[in-house]
Amino acid sequence: MSNEKLPSRAENYSEWYNQVIQRAELADYAPVRGCMVVRPYGWSLWENIQQALDSRFKATGHVNAAFPLFIPMSFLEKEKEHVEGFSPELAVVTIGGGEKLEEPLVVRPTSETIIGYMYSKWIKSYRDLPLLINQWGNVVRWEMRTRLFLRTLEFYWQEGHTAHATAKEAEEETLRMLDIYTRFAVEDAAVPVIPGRKSNSEKFAGAVHSYSIEAMMGDTKALQAGTSHLLGQNFAKAFNIQYLDMNNELQYCWTTSWGVSTRFIGAIIMTHGDDQGLILPPRLAPIQVVIVPIYKNDEERARVMPVVDKIRAALGSIRVKVDDRSELTPGFKFNDWEMRGVPLRLEIGPKDVEKGSVMAARRDVPGREGKSFLPQENIASSVGALLDTIQSSLYEKARAFRDSHITDVTNYEALTTAVQDGWAHAWWCGSADCENRVKEETKATTRCIPMQQPGGTGKCAVCGRDANEKVYFARAY
RNA sequence: CGGGGUGUAGCGCAGUUGGCAGCGCACCGCGUUUGGGACGCGGGGGUCGGCGGUUCAAGUCCGCCCACCCCGACCA
């Protein structure tokens with residue numbers, strides 16, 4: 001751990017991001033270019049994300065399973081758009097056990113194909129549907145430029161794959177999962193997101209429609225934080241996923257897939273972090289409360305520590321860490337835990353022992369303003385309430401920031417100005433030409449066509465033709 | 001893959017005309033400290049990215065290679 005201050009976000013946002021991750025010990029660079037090591041603190045955060053999502057999946061009838069890492073090359077080639085989309089970024093194994101392989105094996109970039117193959121074996125009848133399986137795992141995509149969490153060659157995620165009897169059910173599933181992602185982002189991560197549909201040029205290779213949740217980072221760039229795809233019958237036809245309906249007629253299934261990855265950790269970092277470091281939402285924070293004991297000598301220590309132990313015990317199921325490292329000063333510890341984003345710090349010293357109090361310092365409110373004395377009585381409920389307050393004020397702060405950086409625009413000039421430091425919300429005619437013009441001239445792309453539409457019609461902010469949907473344009477990660 | 005840059009201790013760097021490989025932080029030990037990033041003293045740690053060449057002598061000069069970072073074309 002370095003003693004030096006972080007670069008400020010205003011000064012160099014990407015350097016701030018890289019350093020926060022390393023100093024907070026979320027992740028480190030691996031010896032292979034573009035790969036990362038997720039360190040215990042980062043993995044613990046990921047485990048909490050997994051648990052929050054997994055419980056929502058289970059509550060909607062999904063079950064977990066595990067499919068292989070290796071996929072025969074020929075599988076990828078069965079769906080035309082899919083292979084075209086992914087072939088530039090595949091890692092391929094050509095040698096196994098010292099022998100050249102008969103058929104190269106692809107390290108999965110995503111598992112639609114191999115799961116489709118298995119589904120064709122498992123699904124015979126309408127009675128087998130819907131089939132609702134999720135997998136937690138890792139995938140590999142050989143990216144050109146990489147960033148910790150945001151884009152690495154290998155990343156961890158969950159991918160849900162479902163098969164349905166009708167288009168309507170598949171559509172409902174796609175939107176149900178989009179809604180689950182939205183609620184996870186808002187309720188668990190305190191990350192405000194806009195759910196919407198992707199434009200044709202931004203959709204998943206092989207999908208009929210892709211949906212995403214889009215979040216605004218602290219530098220106003222957009223981050224796709226989760227996706228849900230309606231695959232139609234594309235993969236069902238490529239892999240013969242068929243069932244007999246009630247009339248004994250053979251039908252193709254309708255399938256979906258949806259995923260959230262370790263990229264979401266990047267979203268949390270860049271949504272909540274400040275110039276002191278990370279700020280983690282209480283619901284997901286590996287450590288919700290850190291207790292720093294304060295004492296000058298052994299005599300004071302002997303009086304303070306029993307109270308520290310008592311408070312820790314009283315906090316019950318709240319995730320608490322007592323920082324009893326004797327070689328460091330309290331001041332150092334304050335900065336250290338602020339860097340790591342622990343939402344609430346309790347200081348307990350001789351004065352608190354006398355007064356029956358503890359000093360509480362909110363991570364989201366810097367300095368004296370965020371400090372208050374709490375009585376030792378009923379500490380669990382007052383700390384619990386404070387954590388809830390922090391959770392909701394993090395969300396409100398992020399939402400206010402985002403909303404103040406979204407501009408409704410009606411013409412091209414206003415659009416190009418808006419995307420310099422925020423998002424543009426505009427009518428769009430739906431043509432790829434308009435998207436391309438904006439991308440070439442401003443680097444901004446369409447992020448999503450939000451589910452929430454104003455209704456009515458308007459004029460495309462790029463070309464002026466009739467438009468019946470509004471879209472967000474933004475520079476994106 | 002194109003353009004630019006950097007490789008010397010865990011991290012950040014210095015290293016003159018080619019002449020004993022150093023500094024700060026971190027780390028280890030002892031002591032004093034401790035309510036917002038403590039201090040003193042004493043220590044440990046190196047294939048100078050790799051290979052080859054020039055030379056009495058190479059971190060330093062020459063050649064080739066490799067890795068990483070930044071900027072562009074692709075992306076959860």
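Everything quoted here is computed from the prediction, not taken from an experiment. Every chain is numbered from 1 and lettered A, B, ... according to where its sequence line falls, protein lines coming before strand lines.
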Atom-pair distance ([atom1] on [X]; [atom2] on [N]), nearest Å:
| X | N | atom1 | atom2 | result |
| --- | --- | --- | --- | --- |
| A/Asp324 | B/G35 | CG | P | 17 Å |
| A/Asp323 | B/U34 | CG | C1' | 12 Å |
| A/Glu143 | B/G72 | CD | C1' | 16 Å |

With rounding to whole Å, what would you report as the distance between [N] and [M] at their [atom1] atoms?
| N | M | atom1 | result |
| --- | --- | --- | --- |
| B/G5 | B/G46 | C1' | 25 Å |
| B/G49 | B/U6 | C1' | 11 Å |
| B/G15 | B/G24 | C1' | 15 Å |
| B/G3 | B/U8 | C1' | 27 Å |

Touch class at under 4.0 angstrom, heavy-atom based, for [X] against every strand present:
| X | value |
| --- | --- |
| A/Arg368 | nothing |
| A/Thr152 | base |
| A/Lys351 | base |
| A/Glu300 | nothing |
| A/Asp352 | base |
| A/Gln224 | sugar-phosphate |
| A/Leu223 | nothing |
| A/Gly349 | base |

Looking only at heavy atoms, the pair that brings A/Ile406 and A/His425 closest together is CG2-CB, 4.0 Å

Problem - Between A/Thr174 and A/Arg176: side-chain donor-acceptor atoms closer than 3.5 Å - result: no

Within 45° of the six-membered ring axis of A/Phe334 and under 6.0 Å from that ring's centre, is NZ or CZ of A/Arg345 located there? yes

Value for CG (A/Asp219) from OG (A/Ser14), rounded to nearest 0.5 Å, stands at 9.0 Å

OH of A/Tyr13 to CG of A/Asn18, rounded to nearest 0.5 Å, is 11.5 Å

Practice item. State whether A/Arg9 and A/Asp275 are salt-bridged, where the test is any N-O pair (Lys NZ or Arg NE/NH1/NH2 against Asp/Glu carboxylate O) under 4.0 Å. Key: yes

Q: Considering only NZ, NE, NH1 and NH2 on the basic side and carboxylate oxygens on the acidic side, decide whether A/Asp433 and A/Arg437 come within less than 4.0 Å.
A: no

- Message: Has A/Ser210 got a side-chain atom pairing as donor or acceptor with A/Phe204's backbone, closer than 3.5 angstrom?
- Response: yes

Taking Watson-Crick and G-U wobble contacts under 3.5 angstrom, with | marking pairs to another strand and [ ] crossing pairs, the secondary structure of RNA chain B is written (((((((..((((.....[..)))).((((((.....)))))).....(((((..]....))))))))))))....

Against the side chain of A/Arg141, the closest entry in B/G35, B/A76, B/G36 is B/A76

Quick note, A/Phe332 side chain, CB onward, closest among B/A38, B/U34, B/C74 is B/A38

By nearest-heavy-atom nucleotide on RNA chain B, the more 5' of A/Tyr29 and A/Glu327 is A/Glu327

Heavy-atom nearest nucleotide on RNA chain B taken for A/Lys443 and for A/Thr329; more 5' hit belongs to A/Thr329

Just wondering, do A/Phe155 and B/A76 stack (centres under 5.5 Å, planes under 30°)? yes

